[in-house]
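Take a look at the structure below.
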Amino acid sequence: MFEVFRFAWFAVRTFFGVILLILALYAALWVFVKVHSAAMGNADPDAALRRVKSYNAPAIRREHGRAPAVNAESRRVSG
């Protein structure tokens with residue numbers, strides 16, 4: 001008879017444990033988003049684009065002055 005109550009107590013503890021785990025994960029994600037938003041608040045949104053352009057600039061200048069990075073032949077769609 002007492003096994004039923006032991007199982008019921010186990011089920012209740014497990015249910016509330018899973019709920020608390022989900023709430024803890026939600027709170028941790030919320031804190032992560034807040035901290036990340038605060039850290040990126042004064043970051044430059046175009047920094048990555050400028051880095052790519054500065055990395056590719058010497059290679060583009062080497063090819064016949066200001067030649068395009070992709071030639072017209074490679075952009076044609078066969079069909």
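Since the structure is predicted, the reported quantities are computational estimates derived from the model, not experimental observations. If you read the sequence from its start, that first residue is 1, and numbering goes on from there. Values below: every heavy atom of this structure, side chains too, minus hydrogens, waters and symmetry copies.
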**Q.** Sequence-distant partners of R51, side chain to side chain donor-acceptor pair (under 3.5 Å), two or more places apart
**A.**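 With sequence neighbours excluded, R51 shows a side chain to side chain donor-acceptor pair (under 3.5 Å) to no residue whatsoever.
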Taking distance alone, no hydrogens or angles, what donor-acceptor pairs closer than 3.5 Å link side-chain atoms of residues 9-23 to residues at least two apart or in another chain?
unit_1 : atom_1 : unit_2 : atom_2 : d
T14    : OG1    : F10    : O      : 2.7

Q | Which residues share a side-chain contact (heavy atoms from CB on, under 4.5 Å) with A47, sequence neighbours left out | A |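 Scan of A47 (side-chain contact (heavy atoms from CB on, under 4.5 Å), adjacent residues dropped) gives D44, R50.
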Q.
Is there a continuous path of hydrophobic side-chain contacts, each under 4.5 Å between heavy atoms, that joins V35 to L29?
A.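 No, because V35 and L29 fall into different hydrophobic clusters, even though each may have its own neighbours under 4.5 Å.
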